[in-house]
Amino acid sequence: MSELLVLNFDMQSSPTIDIKPPTNTDESSGWGFAWYPNDDNSASLMKDSTLQADDTLSSHVSRLRNFRSTVFMCKTKCAARHYTMHDVQPFSWSYAGKDWLFAHNGNLDKTELKNIHTDDLPFLTPLGTTDSEILFCYLLSKIHASGAKKLHEIDGNQLLEWLAELEPLGAMDIALSDHSSLLIYHGINSSKDILLTRILPPHSPSLLMESNSLTLRLDNHKDEYSSCFIACSEILSNTQQTPMLPGQLVFVRRGALVWQGENIPTATNNLPPSFSRNEGS
């Protein structure tokens with residue numbers, strides 16, 4: 001099962017992220033990482049379909065001079081043996097004058113998804129073969145048909161309706177960003193949690209947040225007074241995380257939650273309390 005990590009800051013920041021190599025040789029490996037260098041509208045992506053024991057993400061990004069952004073998106077354990085680099089997430093797509101980033105955890109019925117995604121616009125033709133990229137193109141086609149050019153121009157309840165139509169096809173946790181805004185959705189049929197937390201300044205450079213697949217530090221001295229909103233599919237140590245509700249959609253901007261809504265699962269009315277902003281230290 002792949003893992004998802006999404007970061008949104010209120011100012012340009014440069015976190016340290018190390019991805020742990022798999023301990024089981026039969027486990028899917030690989031990683032993908034995306035951000036907006038210097039907070040521009042153009043995104044950068046780094047991907048590797050395999051992960052070696054001496055290969056860390058920080059060893060790659062430490063050589064970059066422009067590893068500062070307000071949005072970061074990371075997928076680990078995200079490449080099956082038959083995947084090509086086209087299939088490794090996150091995905092990037094240029095639309096309305098900026099690069100949009102997308103990541104998906106879960107599995108959808110690809111045949112049914114293709115039947116739903118009937119938009120024949122050439123610029124929305126998937127490059128790879130995964131259900132995740134078809135889902136990305138489908139959502140962009142809905143956004144294009146709505147006339148919106150930015151994520152915040154789309155009504156959240158309208159997005160919930162689009163996502164509700166896809167729920168019968170399987171499981172989907174998604175992250176979508178147009179650089180200025182970030183959308184996170186936790187599907188009703190998802191088998192894993194999506195955990196949310198917010199880190200408020202000042203935070204110690206020695207703060208280590210660790211999961212089974214990665215480590216995260218906000219250790220750049222320039223970022224001591226930045227706020228950070230984190231969505232992760234794993235438990236992170238040294239943080240207070242709140243699980244998203246099944247069917248919940250949140251909008252995040254500049255390190256803070258700005259809107260939330262949900263598709264209520266029909267199977268149960270016994271839902272946990274709504275997400276309230278947590279503050280880590």
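Just so we're clear, the structure is a prediction, and the values are computed from it rather than from any experiment.
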Spacing of SG belonging to C228 relative to CZ belonging to F9, to within rounding of 0.5 Å: 3.5 Å
Check: T16/D18 side-chain N/O donor and acceptor closer than 3.5 Å: no
pair P15-L7: side-chain heavy atoms closer than 4.5 Å: yes
Side-chain heavy-atom pair L101, D178 within 4.5 angstrom cut-off: no
Minimum side-chain heavy-atom gap L218-I199 below 4.5 Å: yes
Side-chain donor-acceptor pair present, S132, T130, cut-off under 3.5 Å: no
Close side-chain approach of F123 to H144, heavy-atom, < 4.5 Å: yes
Contacts of F102 that satisfy ring pair (Phe, Tyr, Trp, His ring centres under 6.0 Å) - sequence neighbours left out: F136
Set of residues satisfying side-chain hydrogen bond (donor to acceptor under 3.5 Å, both in side chains) with respect to S181, sequence neighbours excluded: R253
Rounded distance (nearest 0.5 Å) linking atom CG of L163 with atom NE2 of H186: 13.0 Å
Close side-chain approach of E262 and L249, heavy atoms under 4.5 Å: no
Donor-acceptor contact below 3.5 Å, side chain E133 vs main chain G128: yes
Any donor-acceptor N/O pair, Y36 side chain to H179 backbone, under 3.5 Å: yes
Side chains of L113 and L135 in contact at under 4.5 Å (non-hydrogen atoms): yes
Contact check, side chains of Q260 and Q248, non-hydrogen atoms, under 4.5 Å: yes
Check against ring pair (Phe, Tyr, Trp, His ring centres under 6.0 Å), H104 and Y185: CA-CA 10 Å; H104 165 232; Y185 180 72; over 10 Å; no
For T111, all residues meeting side chain to side chain contact (heavy atoms under 4.5 Å, CB included), sequence neighbours excluded: D109, N115
With sequence neighbours excluded, residues passing salt bridge (Lys or Arg N to Asp or Glu O under 4.0 Å) with E210: K20
Under 3.5 Å: donor-acceptor pair, side chain of K47, backbone of V88: yes
Partner residues of N189 under the side-chain hydrogen bond (donor to acceptor under 3.5 Å, both in side chains) criterion, sequence neighbours left out: E167
I116 side, atom CD1; T118 side, atom OG1 - distance, nearest 0.5 Å: 9.0 Å
Donor-acceptor pairs under 3.5 Å, side chain of residues 155-162 to any protein atom, not counting sequence neighbours: which ones?
from : atom 1 : to   : atom 2 : distance (Å)
D155 : OD2    : N157 : N      : 3.0
D155 : OD2    : Q158 : N      : 3.2

S226 to M11 - nearest heavy-atom pair and separation: CB-CG, 3.7 Å
Stepwise side chain to side chain contact (heavy atoms under 4.5 Å, CB included) check, L214 with L5: CA-CA 9 Å; L214 55 84; L5 173 71; 3.9 Å; yes
Partners meeting side chain to side chain contact (heavy atoms under 4.5 Å, CB included) with S14 (sequence neighbours left out): F67, R68, N220, D223
Shortest non-hydrogen separation from R198 to G255 and the atoms involved: NE-O, 2.6 Å
Side chain to side chain contact (heavy atoms under 4.5 Å, CB included) evaluation trace for N105 with M172: CA-CA 6 Å; N105 261 357; M172 56 176 178; over 6 Å; no
Over all atoms of both residues, closest heavy-atom pair of M46 and W31: O-CZ3, 3.4 Å
Working for side chain to side chain donor-acceptor pair (under 3.5 Å), residues E3 and S233: CA-CA 6 Å; E3 304 295 349; S233 61; 2.6 Å; yes
Rounded distance [0.5 Å steps], OG1 in T76 versus CG in L4: 8.5 Å
For F91 against L45, the heavy-atom pair lying closest together: C-CD2, 4.3 Å
Set of residues satisfying side chain to side chain contact (heavy atoms under 4.5 Å, CB included) with respect to A148, sequence neighbours excluded: I143, S146, E153, I154
Verify same cluster id: L195, I188 (apolar side-chain graph, 4.5 Å): no
Residues forming a side-chain hydrogen bond (donor to acceptor under 3.5 Å, both in side chains) with S94, sequence neighbours excluded: D99
Nearest-0.5 Å distance, OG of residue S190 to CE of residue M244: 9.5 Å
Interatomic spacing from OG1 in T242 to CD1 in I194 - rounded to 0.5 Å: 13.5 Å
W100/L140 under side chain to side chain contact (heavy atoms under 4.5 Å, CB included): CA gap, chis, key distance, verdict: CA-CA 9 Å; W100 294 54; L140 284 178; 4.0 Å; yes
Candidate pair I174 and L139, rule side chain to side chain contact (heavy atoms under 4.5 Å, CB included), full reasoning: CA-CA 11 Å; I174 66 173; L139 291 174; 3.9 Å; yes
D10 side-chain N/O to S227 backbone N/O, donor-acceptor pair under 3.5 Å: yes
Pairing residues for N212 by the side chain to side chain contact (heavy atoms under 4.5 Å, CB included) criterion, not counting sequence neighbours: E234
Salt bridge (Lys or Arg N to Asp or Glu O under 4.0 Å) partners of D39, counting only residues at least two apart: R254
W35/F33 under ring pair (Phe, Tyr, Trp, His ring centres under 6.0 Å): CA gap, chis, key distance, verdict: CA-CA 7 Å; W35 75 104; F33 191 77; 5.6 Å; yes
L196 side chain reached by F229 side chain, heavy atoms, under 4.5 Å: yes
Pairing residues for S92 by the side-chain hydrogen bond (donor to acceptor under 3.5 Å, both in side chains) criterion, not counting sequence neighbours: none
ILVMFWY network linking L176 to L127, side-chain heavy atoms under 4.5 angstrom: no
Nearest non-hydrogen partners of F72 and S13, listed with the distance: CZ-O, 3.2 Å
Where C232 and Q241 come nearest, the two heavy atoms and their spacing: CB-NE2, 4.2 Å
